[in-house]
2 protein chains.
Amino acid sequence: MRHSEGMTSEQTPTATSVLLIDDHELIRTGLARAFERDPSMTVIGQAGSVAQAMAAYNALRPDVVVTDVQLPDGTGLDIVRAIRQHNQTVGLVILTMHSGDDQIFAAMEAGASAFVGKDAPSREVVSAARHSAISPRTFLCSGLAGAMMRRATDDRPRLSEREQEVLALLAEGLGTGALAGKLYMSESTAKTHIAKIYQKLGATNRAQALVTAMRLGLLSSVNP
Amino acid sequence: MRHSEGMTSEQTPTATSVLLIDDHELIRTGLARAFERDPSMTVIGQAGSVAQAMAAYNALRPDVVVTDVQLPDGTGLDIVRAIRQHNQTVGLVILTMHSGDDQIFAAMEAGASAFVGKDAPSREVVSAARHSAISPRTFLCSGLAGAMMRRATDDRPRLSEREQEVLALLAEGLGTGALAGKLYMSESTAKTHIAKIYQKLGATNRAQALVTAMRLGLLSSVNP
DNA sequence: GGGCGGATAGCCCGTTCGGGCTATGCCGAA
DNA sequence: TTCGGCATAGCCCGAACGGGCTATCCGCCC
């Protein structure tokens, strides 16, 4: 293990131990610096590859592992999966450049505790690490809120009350007739509403309408 | 403002100030107790309703507001929306009994910083509050990881490669013919695949299939 | 008072769906 | 080798869908 120089000053005996993984020396150092500022956290090791990371993890058994996604011999997700498989209580923080939705999703599925973009302030990484130590099975995600906000600041089409009701039933796979029955309207009316929904969502059929609606979060109130 | 007794001992001058909102005295007290254990946090006020909460917020300007969802005169989401509209930096933690997916989503959209179930250990609430003060626009969610894990440990139907391709095109609203063309298969084959997808997802039409697929995260890789 | 958006409702008609059922070829696991 | 899963492909047919177009009634806002 080459990268074990990250030993900072001795902290409180209960300090949370952290293992940093990134293939850039510079970033590791920057992170270590950030962690130094929090007396409750101690960086006990660093690694620059998946292989090194696994070795360091097994040797050091840190409370939290903070890892980049892209590494020379694999990805941070591999590390997360490997570690999570055997340890449900360690904090696993994914650090990444590209915070696409898929990545976030993949991180969750791999068993990460948190997902932080590299554009986030470093104190956020520290905070995420601390939180992940406390509750490793809570998912924390910087950037997600941003995506949501972009959505909430809204140029989304606004569906009327009735249209939302219709949409909700469409989502359950009901046919025009059944839907109309449930809402006490004629089939014609239902069709009109549906057509209006298509128009507002830029859809030409149920499939498109529902996918668009879900992507835009217009179906948030529905739970079968 | 009746509920302003929550004044705990004086902390470090930079302690994070917290406003607790819940209509149950008992829960407020329990939370206050939990916060007392963290020297970096100070509960500076409590409230039992939306009206009280808004008054308390305006009077006290806390760093973090921790609120229940259900309140006698409205919901915690109303509070979050009202506050977030004018303040992008305050931490807004939603506390709830029922951590359904909709609720989580609604909380994000309202502008909450974190979402914590009442079944979570109280230290998690404190940790969430602390993190929300540091990065209010990061979304933190206990239970989401759990939901993801349930999903990852997977009794989800598994779609074959081809079926996923078909599903992706269905999501774009393509008809059977167009879809078949794009995948270089006959319309009959496309129909067979679609029928198989319906079968695996328990759907009887495109609408149901797509909604189910999205709910199960089977369309995560699609991003037009 | 007139316009506008929403909810209601109807009709026509060509297109598409969805279900059922069969069949072949391929591959890998049992 | 046989069985199962997958991909391919075809046929039939009734039901549902989607588009277009018109129309009335209500409430709200200017």
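Protein chains get the first letters and strands the later ones, always in sequence-line order, with residue 1 at the start of each. Since we're looking at a predicted model, the values are computed, not measured. Keep in mind that the numbers below use all heavy atoms, side chains included, and drop hydrogens, waters and symmetry copies.
- Closest heavy-atom contact between A:L19 and A:A53: CD2-O, 4.0 Å.
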Trace of the side chain to side chain contact (heavy atoms under 4.5 Å, CB included) decision for A:L71 with A:T67 = CA-CA 9 Å; A:L71 295 170; A:T67 178; 4.0 Å; yes
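- Looking at B:L201 and B:I197, their side chains come closer than 4.5 Å, going by heavy atoms from C-beta outward.
- Side-chain contact check for B:R84 and B:N87: no donor-acceptor pair (N or O, by modelled atom type) lies under 3.5 Å.
- None of A:H193, A:K200, A:R158 except one satisfies the side-chain hydrogen bond (donor to acceptor under 3.5 Å, both in side chains) rule with A:E163; the exception is A:K200.
- A donor-acceptor pair shorter than 3.5 Å cannot be found between the side chains of A:S160 and A:Q164.
- End-to-end axis angle of the helix from C:dG1-D:dC30 to C:dA30-D:dT1, using five pairs per end and rounding to 10°, comes to 50°.
- In this structure, the CD1 atom of A:I197 is 14 Å from the C1' atom of D:dG18, given to the nearest Å.
- Each of B:E25, B:Q52, B:R28 was compared with B:Q46 under the side-chain hydrogen bond (donor to acceptor under 3.5 Å, both in side chains) criterion, and only B:R28 meets it.
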request  = Quick one, give me the B/S/- string for nucleotides 5-27 of chain C, reading 5' to 3', where B means a protein heavy atom under 4.0 Å from the base and S means that only happens at the primed atoms, P, OP1 or OP2.
outcome  = -SSBBB------SBB--------
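- Partners of B:T16 by side chain to side chain contact (heavy atoms under 4.5 Å, CB included), not counting sequence neighbours, listed by chain and number: B:M41, B:D63, B:V64, B:A133.
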